[in-house]
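Working notes, beginning with the structure itself.
Just so we're on the same page: letters track the sequence lines, and every chain starts at 1.
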2 protein chains.
Amino acid sequence: MPDSAYGDIRKLDLFAQMADENFTGLMRGAYVQNFPSQIELITEGDPSDFLHVLVSGAVDLFSTWNGRETSMATIRPISTFILAATVKDAPYLMSARTLEKSRVALIPSQDVRAAFDLDGNFARAIVTELAQCYRSVIKSQKDLKLRTSLERLANYLLRQQRHAGGGSVFELEFEKRRLASVLGMTPENLSRAFKGLQPYGVTVAGTRITIEDHNELKRFAKPNRLIDDHQS
Amino acid sequence: MPDSAYGDIRKLDLFAQMADENFTGLMRGAYVQNFPSQIELITEGDPSDFLHVLVSGAVDLFSTWNGRETSMATIRPISTFILAATVKDAPYLMSARTLEKSRVALIPSQDVRAAFDLDGNFARAIVTELAQCYRSVIKSQKDLKLRTSLERLANYLLRQQRHAGGGSVFELEFEKRRLASVLGMTPENLSRAFKGLQPYGVTVAGTRITIEDHNELKRFAKPNRLIDDHQS
DNA sequence: TATTACGATTGATAAAAGTCAATCATAGAT
DNA sequence: ATCTATGATTGACTTTTATCAATCGTAATA
């Protein structure tokens with residue numbers, strides 16, 4: 001594995017507190033690979049042979065059933081994905097595909113499980129990471145079950161605005177069809193939902209969003225830290 | 001804490017591999033309490049002061065937003081709940097209420113975090129538990145995003161049938177209004193959904209369900225282990 | 001036994017969301 | 001600069017789901 005990726009990975013919360021020898025041991029069996037855009041890295045149902053670490057690029061986690069497909073989450077560097085399947089030695093529940101040219105480190109799952117039995121700090125870091133993941137999905141579940149698609153979009157825009165620095169003009173982080181899928185609606189409905197937010201001062205030009213009056217949108221969206229706060 | 005509950009809790013996967021002294025230390029600050037039905041044990045947003053262990057009875061985890069409420073999961077003995085909030089020392093994302101007379105052990109969260117720093121086996125058990133919880137929510141998320149309410153009900157009935165032993169006649173495990181909420185629909189729609197499954201051999205009398213032809217229903221429901229298998 | 005309260009069901013209607021087909025806009029490719 | 005492929009948008013329509021109001025059924029209570 002190249003030194004650059006090695007250092008970046010070492011800095012991840014997940015690995016930062018590991019004993020040197022355990023981290024080195026873990027990395028010994030790992031390798032880094034470059035993938036073009038739109039490559040399926042993981043297929044749901046497959047055994048979880050590797051823990052994946054996205055070093056650069058972007059990855060979409062999605063699932064399918066009965067000919068339908070839905071986007072579950074987007075992974076941005078530097079972070080791991082499919083950790084739960086790895087530690088449980090169970091099949092992947094989601095598929096993963098690159099959204100752009102990406103660099104991924106692959107760590108054999110059995111090495112991860114071995115390190116986790118060996119290194120208490122690593123085990124503790126995994127706990128924190130998994131608890132974080134769990135809480136994220138719960139928030140997303142609440143978003144889906146408690147809000148209409150218009151409300152979900154409104155809150156997404158507020159989150160994204162904050163994430164982009166808080167200015168009244170910002171860019172969507174991914175293409176609309178995938179945003180629609182993430183938000184649990186069709187692309188057609190997303191288009192209509194954007195129109196539905198015009199009365200609250202939202203205007204759209206391609207991927208550029210303008211929120212005229214933040215407070216006006218907020219009054220409609222009613223953001224809630226127990227759903228929308230992507231920290232805690 | 002009474003010996004009976006102590007022993008039952010000790011047997012939980014979460015605590016089974018802990019060093020004796022750590023478990024004893026953890027239980028020193030814990031206490032068991034009896035609650036009548038319909039008591040709110042936890043309110044979302046509150047700091048996570050205690051890890052809860054349901055010793056007997058049943059507990060509903062639910063969330064609210066903007067005057068709406070949805071049931072997220074049902075806890076049956078013996079298991080813990082709100083583990084993620086405890087280990088992250090973050091506010092509860094869900095509220096909890098007893099569905100019947102229940103016995104709950106309360107373990108101070110700071111003791112849990114201390115034990116988790118001290119005891120590698122405990123940390124590892126928490127990992128397994130959290131990974132399990134995470135995967136459950138992901139499955140539920142897929143169920144919600146990929147299926148119509150009729151399909152969700154059909155698959156729920158197949159799961160419940162299996163859970164009840166596989167016979168063609170079985171009982172629903174909770175009242176219909178709560179089942180509706182768990183499945184992400186209104187009680188009115190649940191009624192209609194049951195009717196919609198009649199052509200596939202499903203009949204309902206109160207809480208008693210009859211599935212005439214398991215395979216017929218299965219052909220419609222298309223159950224999938226990556227969504228419906230509540231083990232792995 | 002009659003009463004009452006509450007959940008379940010039904011019907012009518014409205015709102016939300018999905019589908020299908022056509023068109024538009026735009027970024028790359030030629 | 002033009003062509004082309006793909007995603008976005010729009011309109012018409014259907015399906016799904018929610019809402020509201022009324023009624024039914026049943027189990028607990030008086």
[N] [atom2] sits how many Å from [X] [atom1], rounded?
| X | N | atom1 | atom2 | value |
| --- | --- | --- | --- | --- |
| B/R147 | D/dT17 | CZ | C1' | 18 Å |
| B/K195 | D/dT17 | NZ | C1' | 17 Å |
| B/L146 | C/dG18 | CG | P | 12 Å |
| A/K176 | C/dC24 | NZ | P | 17 Å |
| B/R68 | D/dA18 | CZ | P | 11 Å |
| A/R192 | D/dT14 | CZ | C1' | 12 Å |
| A/L190 | D/dT10 | CG | P | 11 Å |
| B/E188 | D/dT17 | CD | C1' | 10 Å |

>> If only side-chain N and O atoms count, and only distance matters, is there a donor-acceptor pair under 3.5 Å linking B/E69 with B/S63?
In response: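 Their side chains do not contain a donor-acceptor pair, so the 3.5 Å distance test is not met.
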> Going by atom types alone, do A/D49 and A/S109 pair a side-chain donor with an acceptor below 3.5 Å?
Replying inline: no
> Across the strands shown, which category fits B/T186 at heavy-atom distances under 4.0 angstrom: base, sugar-phosphate, nothing?
Replying inline: base
> Hey, does B/E175 reach any base, or is it just sugar-phosphate, or nothing, if we go heavy atoms under 4.0 Å?
Replying inline: sugar-phosphate
> Counting just side-chain N and O atoms, does A/S191 come under 4.0 Å of either OP1 or OP2 of D/dA8?
Replying inline: no
> Under 4.0 Å: is that the gap between some side-chain N or O of A/N189 and OP1 or OP2 of C/dA17?
Replying inline: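 No, A/N189 has no side-chain N/O under 4.0 Å of OP1/OP2 on C/dA17.
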> Can you list the steps and then say if B/R178 with B/E175 is a salt bridge (charged side-chain N to carboxylate O under 4.0 Å, His left out)?
Replying inline: CA-CA 6 Å; B/R178 234 165 50 68; B/E175 66 179 336; 5.1 Å; no
> When you measure from the side chain of B/R177, which nucleotide among C/dA8, C/dG18, D/dG7 comes out closest?
Replying inline: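 Ranking C/dA8, C/dG18, D/dG7 by closest atom to the B/R177 side chain puts C/dA8 first.
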>> Ring centres under 6.0 Å, that's the criterion: do A/Y134 and B/Y134 meet it?
In response: no
